[in-house]
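First up is the structure itself, then whatever we jot down about it.
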Amino acid sequence: LMHLTRKLIEIRSMLLSIDQSDALKLPSIVVIGSQSSGKSSVLESIVGHEFLPKGNNMVTRRPIELTLIHTPATNGKGPVEYGEFPGLGMNKVADFADIQRILTDLNKAVPDSEAVSSEPIDLRIYSPNVPDLTLIDLPGYVQISSLDQPETLKEQISNLCEKYIREPNIILAVCAADVDLANSPALRASRKVDPLGLRTIGVITKMDLVPPEQGAGILVGNRYPLHLGYVGVVTKKTKGSKKESSAIISRHAEDDYFNSHREVFHKGSSIMVGTDTLRRRLMEVLESSMASSLHGITNAVQLELEEAAYQFKVQYNDQRITAESYVAETMDALKHKFKESTQQFKKPIIREKLKAMLDDKVMDVLEQLYWLDKRTPELGTLANDPRIKAHEVEPVWRHKLDAASSLLTKSGIGRDSTLLVADGLRALIDSIATGEPFNYHPQAAERLIEFSHAILRDRIGVTSDQVENCIKPYKYDVEIDGREWELGRARAIDLFEKEVVMCETKLKDIRKKVGGGRRLGGLINYLKTLEEKEKERKAKRLESPVADSPNVPEESYRYPPAQLVDARHAVLYGDRLGILKLRLAALKSKRCKAGPGNDTLCPEAFLSVVADKLAYTSAMFINIELLEQFFYQFPREIDSRLLYDLDRKEIVAFARENPSVRRHLDLQERKDKLEEVMKQLNSLSTLRSDTQPVPRRN
Ligand code: GDP
């Protein structure tokens, strides 16, 4: 018979961990009573130790789910009596003073403004001196709230108690013998939910404070009959003999009292007295109540299990997952995705990107050294004049070309090209870190970014130095063969043609914006006259600096200022177009076609070849020093920084960050637990036939 309650208590805690719905609840004994009714003393005398928080002012602020587990008296090693707080992960707390301190702290943690909390504290006590029982201790009913407690305190406590004294729980109503039962808040609350008194046990405390006959009269229970009866106790603390530890509750006072009034409380009477009787009574009542809940609970669990199994089949096709497998798959997918993305970093692609960057640089150099130089049109004339021999071209053009080449090769290509590629890698990692599923794992995403950046930081310096070193020869001498020249010339033509189209488009846009070509012409002419006037004024000022007239041109309001800005841009684009077209003609001339010997006359073709060589060399060394290193280190860092660091708890936490995985794991766990409970319940069916209903005692 003992075995059944023990099993059922286990099943009860498993059910509690599945969910808190009333449908899946096995009964427990709920202890209610007003403050100072002796509620704590009763619980402590059942356990045999002082362990509950002490004090005058609202010491119990949260329900305590107290599970008592009877253990064998000796087990060789370790303490035989100890407490556990599974919710706090605290095992084997052997000193009951520690348990008391922990409970006090947990209660004090409830803010004064809330006064009570409905979140239960789970406490298990293992001891050879306790019966197998589950008891829930609730805050005592208060008569008058003190000033520092919320107005609603009374109501809050009643609501909390009401929640717990629902079916199928058993109510232990604690009342003091010296207080009229009519005034007992515990009995009043019990009558509300159990009007016939079918699942309420009365405990009358402080029997020593009333005459024995009066006490016995209460226990008979004629005034407020309870099916499960009343038990009278004396739980007053005595100054125990010196031999006993103060924390162990002595029952001398109780034994003395009932023995000395044997004529009233004799064994033959149907009256129940004493803590031992109470304990036995509670065990009987709980066991029978659990046994009678068994059928209902088995059906309810069966239904829940079928539903969970059905959902698991429909939603997940019975596919089981573990947090570990999710983490492993996520990391594999990450490596795979990364590997796929590295295709974007193949050498030809990198070379193209670097080439585009260098083409921009070439255009900048050309603009600086040639397009802004008023003599550049001459260069076109020379290119088209077959009578001039290459060596007869003025040395100034040779110097210009050398300056251009050096401007290009010394423009910090090592750093710029390395940063360009590193930035591409950074963008790739960022997009992985913000995409599925790392959007659910912000911490892992942060780490991913962190270590990728660290690898990049580590490689950028080395790589850009290496690239800079390897392009060094081009800073002094560039050898070009005929084929390279022809390719460079073709690319330069292509670049220039694109630039021409760009300038023409801009010009067209401006024409449209200011209201047509004639209008633009007018604007430009006006600009020119303004500039002329300005020049004259400056000249005059140089002649007679004192006679300075205020420089407000009388016609300055003829055109809106924004249009004058547009016109200024149009002039620039026009000039640019002019020079571009001249240079295009030169590039297409026989001279330029003839080969690298004409580099001074065709600097564009020459610089384009240099840019190509620079791009090729840079791409090669960036590939070796940056990309290959990064591709090698990245997957290894995933293993060492994301994966191997995680302990079991962190793996579960990681997996549960993903909502769809969390739902999957939750349903799977629920189904597993229900299956386990079902198995346990089925194994009880043999024991079930042994139990009999509790006989009525009075
Ligand atoms: P609670 O507030 O309901 O938990 O009540 P306590 O267990 O703290 O008891 C309130 C007071 O009643 C304490 O001072 C106890 O010492 C006293 N007390 C408890 N049980 C008895 C008893 O059986 N007889 C007497 N005379 N006093 C008791």
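No experiment lies behind these values; they were computed from the predicted model shown. Atoms within a ligand are numbered from 1 in the order they appear, just like the ligands themselves. Heads up: numbering here begins at 1 and tracks the sequence. Side-chain atoms are counted along with the backbone in the values below, which use heavy atoms only and exclude waters and symmetry mates.
- The pair E65-R12 meets the salt-bridge criterion, since a charged nitrogen lies less than 4.0 angstrom from a carboxylate oxygen.
- Each of the following atoms of ligand 1 lies closer than 4.0 Å to a heavy atom of S40: 1 (P), 4 (O), 7 (O).
- The protein heavy atom nearest to atom 1 (P) of ligand 1 is S36 N, 3.4 Å.
- Every heavy atom of A176 sits 4.0 Å or more from the atoms of ligand 1.
- Atom 7 (O) of ligand 1 is flagged as protein-proximal [any protein heavy atom, distance under 4.0 Å].
- A salt bridge is absent between K206 and D178; no separation between the charged side-chain nitrogens and carboxylate oxygens falls under 4.0 Å.
- Ligand 1 has at least one atom lying under 4.0 Å from a heavy atom of S37.
- Using cut-offs of 30° and 60° for the angle between ring planes, the F438 and H441 rings count as perpendicular.
- Put simply, the side chain of R62 gets close to the backbone of E119: a donor and an acceptor are under 3.5 Å apart.
- A salt bridge between R280 and E284 is absent, with no side-chain N of the basic residue lying under 4.0 Å from a carboxylate O of the acidic one.
- Nearest heavy-atom pair across L667 and A308 is CD1-O, 4.1 Å.
- Residue K39 is tested with T235, D137, T205 for a side chain to side chain donor-acceptor pair (under 3.5 Å); the sole match is D137.
- When hydrogens are left out, the protein atom nearest atom 16 (O) of ligand 1 is K237 N, 4.8 Å; that is the closest non-hydrogen contact.
- Of the protein's non-hydrogen atoms, T235 OG1, 3.0 Å is the one closest to atom 20 (N) of ligand 1.
- Comment: K192 engages E162 in a salt bridge, judged by a side-chain N to carboxylate O separation of less than 4.0 angstrom.
- Between F312 and H664, the gap from one ring centroid to the other is short of 6.0 Å.
- Of the possible donor and acceptor atoms, one in the side chain of H70 sits under 3.5 Å from a partner among the backbone N and O of V130.
- Only the backbone of S34 comes within 4.0 Å of ligand 1, counting heavy atoms alone; no side-chain atom from C-beta on gets that close.
- The protein atom (non-hydrogen) at minimum distance from atom 26 (N) of ligand 1 is D208 OD2, 3.0 Å.
- Among protein heavy atoms, the minimum distance from atom 22 (C) of ligand 1 is reached at K236 N, 3.3 Å.
- Within the 4.0 Å heavy-atom cutoff, G33 does not count among the residues contacting ligand 1.
- With hydrogens and angles disregarded, a donor-acceptor distance shorter than 3.5 Å links the side chain of D194 to the backbone of R199.
- Every atom of ligand 1 is numbered from 1 in the order shown, and the set under 4.0 Å from a heavy atom of V234 is 23 (O).
- At the top of the distance list for atom 15 (C) of ligand 1, counting protein heavy atoms only, stands S41 OG, 4.4 Å.
- The part of Q35 lying near ligand 1 is the backbone, judged by heavy-atom distances below 4.0 Å.
- Of all protein heavy atoms, the one closest to atom 5 (O) of ligand 1 is G38 N, 3.1 Å.
- Closest protein heavy atom to atom 28 (C) of ligand 1: K206 CG, 3.8 Å.
- Counting atoms of ligand 1 from 1 in the listed order, those under 4.0 Å from a heavy atom of L209 are 26 (N).
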